[in-house]
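Below, chain A is the first sequence line, B the second, and so on; all start at residue 1. For clarity, every value in this text was computed on a predicted model and none was experimentally measured.
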Protein chains: 2
Amino acid sequence: VRAAMASWARAVRGLLLDVSGVLYDSGADGGVPIAGSAEAVRRIKASGLKLRLCTNETQATRENFVRKLQGMGFEVSVAEVTAPAPAACHILRERGLRPHLLVHHDLVPEFAGIDQTNPNCVVLGDAAENFTYANLNEAFRVLIGMEKPVLLSLGRGRYYKETDGLKLDVGAYMKALEYACDVEAEVVGKPSKRFFESALAEMGVPPEQAIMIGDDIVNDVGGAQKCGMRALQVRTGKYRPSDENHPDVKPDAYVNNLAEAVDIILKQL
Amino acid sequence: VRAAMASWARAVRGLLLDVSGVLYDSGADGGVPIAGSAEAVRRIKASGLKLRLCTNETQATRENFVRKLQGMGFEVSVAEVTAPAPAACHILRERGLRPHLLVHHDLVPEFAGIDQTNPNCVVLGDAAENFTYANLNEAFRVLIGMEKPVLLSLGRGRYYKETDGLKLDVGAYMKALEYACDVEAEVVGKPSKRFFESALAEMGVPPEQAIMIGDDIVNDVGGAQKCGMRALQVRTGKYRPSDENHPDVKPDAYVNNLAEAVDIILKQL
């Protein structure tokens, strides 16, 4: 790994980190930090590299999300987070869309400034316990009732790992609504190219000088590579050994965890 | 319609009827019969035509399903019903599969004779209120934990109409699990060719002498036509005017309801 990375890691000026599965493992209890990750974030900042948290987290406002991370010992701030809900609000305003929300209760405040009367689109996030039979039917009825259904999905992840086991992610519910209404969702969040480009613009770093570090072979690694970044897959979080035989996506390198990634990258500088 | 059908309706010896949306509209209150349908069933039987109820109903055992229909005035019996759960039990036994069930509570007795210990497949039906976040995650975990996930889906309908509105059907949840586990479900029920062929064999009528009458453009009409049957779409149940512009499927004729279909067919005999 080190030898392979030596050739290109020297040029790096910024790191984009996925959060769940890289910094911590999420769960009903709020989650637990992954060993070495808090120290790794401190070392990135001390090194002068730019840092951006690039997350598909949609179970909390950025404020609460960052507060949780700080509580686990991570030195991060709201200004360092690129997340789907604010990106969706930007799109809603731009196109005059009034959303029916099927999102996590704790995410609702992110949409406070958006007109939600007489909906002309559905915004789907990882609603977790809000993914009830009744709520899914309601979102479906709103969509199918439109002349041209518009579905914005905050991410398209298949599943994620919490401390009590794997959970279906927003992408599974997106597929259910896509099929029922015969529409294609517009994905806001990773692996959307526009989303990665926003994160890079916010860092002020071009893709060829940035490295994405994530646990999701498709949404983190594949998405970042399509934007011209290098991408590492950590063997934490939702990583599974079968990812290493993925038919379409091959990370630029595998690392056991964030601490090892940072260790190798900083040694190249 | 009558002129178009005259040429081929004379050869008919058997009718396959979809049930929900053709005989009655379902709903939390048990549903209400569609005007003229009970009389139409009586007329089919009096005519000497063979009759088969070909349903993707998976919210009740055949016994309870037929009892409900009888209560609404339909002269039908359990022996006249082709339904997905018994077809699935046949497949499970044939292949030594032990199912984890995500089905409607009232369907569970259909699987009473099947070994369900240490599951090596998931059977998905229209679980309705059992489509909880917890149950979907559990079925997902069973599937993703298999070396080669096997998912049997009792139908692949997109949605159906109940008296209190449209509801997502089993196909939407099938798509969610297919996507999350990167598998393709095996569909038991309409529009599977094997399922229509079973219904025809049970009637003892070849496809060219049978007519399917249904409200679902894809699963009733398209599926039956692929088996060599003629198929009529009724303008009741989940029928929507946009069905008449379906890109792939064109019924042999449209009728306003079952009563009109039977009227026309019996006049040709």
Side-chain angles (χ1 to χ4, degrees), chain A residues 28 102 104 124 126-149 153 155-162 164-185 217-218 238 240-243 245-248, chain B residues 28 102 104 124 126-149 153 155-162 164-185 217-218 238 240-243 245-248:
Chain A
L102 177 49
H104 197 282
L124 185 70
D126 176 17
E129 303 289 343
N130 274 350
F131 279 133
T132 63
Y133 181 60
N135 287 347
L136 283 164
N137 280 329
E138 194 188 351
F140 160 66
R141 281 184 210 128
V142 170
L143 264 184
I144 199 85
M146 295 174 196
E147 199 178 338
K148 198 175 173 312
S153 186
R156 54 175 292 140
R158 293 159 59 202
Y159 57 87
Y160 53 87
K161 187 183 167 189
E162 295 207 323
D164 58 341
L166 296 174
K167 303 264 170 90
L168 288 169
D169 198 359
V170 61
Y173 295 94
M174 174 191 86
K175 287 289 171 183
L177 291 175
E178 283 188 337
Y179 177 70
C181 300
D182 198 18
V183 294
E184 193 174 342
I217 181 76
V218 170
K238 81 175 71 170
R240 305 172 81 220
S242 62
D243 290 346
N245 305 316
H246 195 281
D248 304 321
Chain B
L102 178 48
H104 196 283
L124 185 71
D126 176 17
E129 303 289 345
N130 273 350
F131 279 134
T132 62
Y133 181 60
N135 287 347
L136 282 164
N137 280 329
E138 193 187 351
F140 160 66
R141 281 182 211 130
V142 170
L143 265 183
I144 198 85
M146 295 173 196
E147 199 178 338
K148 198 175 173 315
S153 186
R156 54 175 291 138
R158 292 159 60 201
Y159 57 87
Y160 54 88
K161 186 184 168 188
E162 297 207 322
D164 57 341
L166 296 175
K167 304 263 169 92
L168 288 170
D169 198 356
V170 60
Y173 295 94
M174 175 190 85
K175 286 289 173 184
L177 291 176
E178 282 188 337
Y179 177 70
C181 300
D182 197 18
V183 293
E184 193 174 342
I217 181 74
V218 171
K238 81 176 71 170
R240 306 171 84 218
S242 62
D243 290 345
N245 306 315
H246 195 281
D248 304 320

- Query: When heavy-atom pairs shorter than 4.5 Å are enumerated against chain A, which of B:T132, B:L136, B:N130, B:N137 gives the highest number?
  - Reply: B:N137
- Message: Let me confirm one number: the OH-CG distance from B:Y179 to A:D169, rounded to the nearest 0.5 Å.
- Response: 8.5 Å
- Message: I need the residue from A:F131, A:Y173, A:F140 with the largest number of non-hydrogen atom pairs under 4.5 Å to chain B.
- Response: A:F140
- Task: Evaluate whether atom NZ of B:K161 has more than 12 neighbouring non-hydrogen atoms of other residues, nucleotides or ligands under 6.0 angstrom away.
- Result: no
- Are any non-hydrogen side-chain atoms of A:I144 and B:R240 less than 4.5 angstrom apart? yes
- Could you state the interatomic distance from CG (A:L177) to NZ (B:K175), rounded to the nearest 0.5 Å? 13.5 Å
- Task: Any chance you could measure A:R141, atom CZ, to B:L168, atom CG, to the nearest 0.5 Å?
- Result: 8.5 Å
- If every non-hydrogen atom of A:A172 is compared with every non-hydrogen atom of B:A180, which pair is closest and at what distance? CB-CB, 4.4 Å
- Non-hydrogen atoms of chain B under 4.5 Å away: do they reach the side chain of A:D182, the backbone, both or neither? both
- Message: Heavy-atom pairs under 4.5 Å with chain B - which of A:G171, A:A128, A:A134, A:G165 has more of them than the others?
- Response: A:A128
- Where does A:A127 contact chain B at under 4.5 Å (heavy atoms): side chain, backbone, both or neither? neither
